[in-house]
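Each chain gets a letter, A, B and so on, in the order its sequence line appears, and its residues count up from 1.
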Number of protein chains: 2
Amino acid sequence: MKIEQDIKVAVDAIVFGYHSGKLYLLLIKQKYGKYQGHWALPGGFVQNGEGLQAAVARELKEEAGVKVNYLEQLYTFGDAIDRDHRGQIISVAYFGLVNSAKLKLKAATDAEDANWFDSKDLPGLAYDHRMMVDKAIQRLQSKLQYQPIGFDLLDREFPFSDLEKLYQTILDRKIERRNFRRKILGFGILDETKKIKQKGSGRPAVLYKFNNQKYKALEKKGFHFEIKYA
Amino acid sequence: MKIEQDIKVAVDAIVFGYHSGKLYLLLIKQKYGKYQGHWALPGGFVQNGEGLQAAVARELKEEAGVKVNYLEQLYTFGDAIDRDHRGQIISVAYFGLVNSAKLKLKAATDAEDANWFDSKDLPGLAYDHRMMVDKAIQRLQSKLQYQPIGFDLLDREFPFSDLEKLYQTILDRKIERRNFRRKILGFGILDETKKIKQKGSGRPAVLYKFNNQKYKALEKKGFHFEIKYA
DNA sequence: ACAAAAGTGTTAGACCTACACCCATGG
DNA sequence: CCATGGGTGTAGGTCTAACACTTTTGT
């Protein structure tokens, strides 16, 4: 190609997990360079012949051994030309979710250089990653209210109270249990299962399962998932 | 920089205008290359030291002399590595709106190589631009329902019926006049003005003006613009 | 006087909100 | 039997949806 362009393309991933009332973010400890020892989002340069989403998936696997449950493009950062000290680099940021089970496993087995952090208590981040995280949290909050992505953060089968707590945690406000339950169950996108006794005490909870087929079918008929609720 | 990356970064703009019940899209006739003579979205390579949004603004000015009223990032296309025959090029697409007055002027004065096309009757487009346009139309339709961007497509002062027709045109469905009017006026973000007789016949209409300050003030108090309506 | 577009109210049903007690289990 | 968390109904208010005729102008 004729044109001379000294701009590089990177991808970064903002990946969330949820467990027991806390929202977690996946971070990687930098091994080299200016930010050595600091925490940063997983990501890196796109390789020749590689698509953007493929690059994200590769980086997540290489750097953290994580396979996401949900992944979508968030935003492309490239207005501040000095956002990276190494040169002009634009970064296509992706937003991902992993489910509860994988999160626990990961947190237990992982070495030093990839870790889950409580999203309310993050360390200082490299580059402009803090901005990316903030944008991702906003996106998560708003998506939660008009798409059924909360289920991607829970186990495949979950007690209803987990869903309720998840909404309360992420949206950072109280939710009225009866109204919330009526609304969600009214959608008809959850299937009931057997029972289980979770945390020792208390009445055992029925487990529910998100039925994606039912959701897709309803969606085609013009149905819109939506949760508002003060 | 050490890494060798043969990926180029381009920007493209999907710019809409509205006039008299039609939604228009800005296109540029290609002068060189494989798609010579075909129509394509305004856009091009980002220059060294230039931010993404700045690049879009520059291309719009250079190629069409257009200054947009509203501009936001739409999506970054870069999963299909062969989307451009010249090599691996990712394109950051932006979504823009110009207001009615500028549109008329443009359509009248412009030469051969930039033109407004009825969005319902577009020519074949170069590259993957058709996909970009479809995505932009979806974005426009959904944004119209939860942000007051319709006003960016109208004159500064407009009869209420224009707003109604705009919604009907873009959302491609009938809107109930009384409900729509009550809803919008109820928000308290429009100011009334004098009168005017538009198209000859019919009762003259009161002109309204969007008051952005009032909107911003309400927004801070937790107000959300929203139009649903069958 | 007629054609054309602007303007205007009411009612039934759906949905949202607020609110407090009983149930099933483990210790 | 007590502590813990799960599960349930109702009533008032607000918002949506559906509906057709009158007003003001130009011709």
Side-chain angles (χ1 to χ4, degrees), chain A residues 19-21 144-146 154-155 157-169 171 173-209 218 221-230, chain B residues 19-21 144-146 154-155 157-169 171 173-209 218 221-230:
Chain A
H19 192 69
S20 308
L144 209 54
Q145 294 176 269
Y146 63 89
L154 295 175
D155 294 331
E157 302 189 343
F158 56 88
F160 209 93
S161 58
D162 272 16
L163 188 65
E164 186 192 322
K165 260 179 262 160
L166 183 146
Y167 269 80
Q168 292 191 147
T169 302
L171 299 180
R173 54 178 150 97
K174 287 249 159 56
I175 282 179
E176 218 287 317
R177 196 166 7 146
R178 282 169 285 193
N179 295 339
F180 182 72
R181 184 176 244 268
R182 184 182 323 142
K183 186 89 202 269
I184 302 260
L185 290 177
F187 290 155
I189 54 175
L190 293 188
D191 294 339
E192 213 172 301
T193 335
K194 61 212 168 182
K195 278 187 170 190
I196 206 177
K197 295 172 266 185
Q198 269 197 309
K199 320 204 173 106
S201 91
R203 176 173 170 174
V206 173
L207 296 185
Y208 290 90
K209 194 161 44 164
L218 283 169
K221 289 183 197 150
F223 163 77
H224 286 283
F225 181 91
E226 191 169 21
I227 304 292
K228 287 193 177 166
Y229 287 8
Chain B
H19 192 68
S20 307
L144 209 55
Q145 294 177 267
Y146 63 87
L154 295 175
D155 293 331
E157 301 190 344
F158 56 88
F160 210 93
S161 58
D162 272 16
L163 188 66
E164 186 191 323
K165 260 179 261 158
L166 184 146
Y167 270 80
Q168 292 191 147
T169 302
L171 299 179
R173 55 178 150 100
K174 288 249 160 56
I175 281 180
E176 218 288 318
R177 191 155 20 133
R178 282 169 285 191
N179 294 339
F180 182 71
R181 185 175 242 269
R182 183 182 323 136
K183 187 88 200 268
I184 301 260
L185 289 178
F187 291 155
I189 54 175
L190 292 188
D191 293 340
E192 213 172 302
T193 335
K194 59 208 170 188
K195 279 187 169 191
I196 208 177
K197 293 171 266 184
Q198 267 197 307
K199 321 204 174 107
S201 92
R203 175 173 173 174
V206 173
L207 296 185
Y208 291 90
K209 196 158 46 160
L218 283 169
K221 289 184 199 151
F223 162 78
H224 286 283
F225 181 92
E226 191 169 21
I227 304 292
K228 287 192 178 167
Y229 288 12

- Message: Quick check for you: to the nearest 0.5 Å, what is the distance between A:K228 atom NZ and B:H224 atom NE2?
- Response: 9.0 Å
- With a 4.5 Å heavy-atom cut-off, do A:F160 and A:L185 have their side chains touching? yes
- Is the base of C:dG7 touched by the side chain of B:R178 through a donor-acceptor pair closer than 3.5 angstrom? no
- Given atom CD1 of B:I175 and atom P of D:dA18, what is their separation to the nearest angstrom? 13 Å
- Query: To the nearest Å, how far apart are A:I184 CD1 and C:dC16 P?
  - Reply: 12 Å
- Query: Could one point to a donor on the side chain of A:R181 or the base of D:dG7 with an acceptor on the other under 3.5 Å away?
  - Reply: no
- Task: Kindly say if B:K183 contacts the phosphate of D:dC15, meaning a side-chain N or O under 4.0 Å from OP1 or OP2.
- Result: no
- Message: Let me spell it out: for each of B:S201 and B:V206, pick the nucleotide of DNA chain C with the closest heavy atom. Which residue's pick is nearer the 5' end?
- Response: B:S201
- Closest listed nucleotide, where the reference is the side chain of A:R177 and the choices are D:dT16, C:dT17, D:dG6: D:dG6
- Query: Whole Å only: how far is the CZ atom of A:F160 from the P atom of C:dA24?
  - Reply: 20 Å
- Query: Rounded to whole angstrom units, what separation is found between the CD atom of A:E226 and the P atom of D:dT16?
  - Reply: 11 Å
- Atom-to-atom span, CD1 of B:I196 to P of C:dA6 - whole angstrom: 13 Å
- Mind checking the CZ-CG spacing from B:F187 to B:L218? Nearest 0.5 Å is all I need. 10.0 Å
- Message: Please report the interatomic distance CD(B:E164) to CD1(B:I184), rounded to the nearest 0.5 Å.
- Response: 10.0 Å
- Message: Nearest to the side chain of B:R203, heavy atoms from C-beta on, is which of C:dG7, C:dA18, D:dC19?
- Response: C:dG7
- Message: Quiz question: going by heavy-atom distance under 3.5 Å, is there a donor-acceptor pair between the base of C:dG7 and the side chain of B:R182?
- Response: no
- Task: Taking only the side-chain heavy atoms of A:A205 (C-beta and beyond), determine which of C:dG9, C:dC19, D:dG6 contains the nearest atom.
- Result: D:dG6
- Query: Between C:dT8 atom P and B:E164 atom CD, what is the distance in whole Å?
  - Reply: 13 Å
- Task: Look at B:R178 together with B:E176 and state whether they make a salt bridge at an N to O cut-off of under 4.0 Å.
- Result: yes
- Query: Considering heavy-atom distances to DNA chain C, does A:K195 or B:G202 have its closest nucleotide positioned more toward the 5' end?
  - Reply: B:G202
- Task: Answer yes or no: does a side-chain N or O of B:S161 lie under 4.0 Å from OP1 or OP2 of C:dA5?
- Result: no
- Query: To the nearest Å, how far apart are B:E192 CD and C:dA6 P?
  - Reply: 15 Å
- Message: From NZ of A:K174 over to P of C:dT17, roughly how many Å is that when rounded to an integer?
- Response: 17 Å
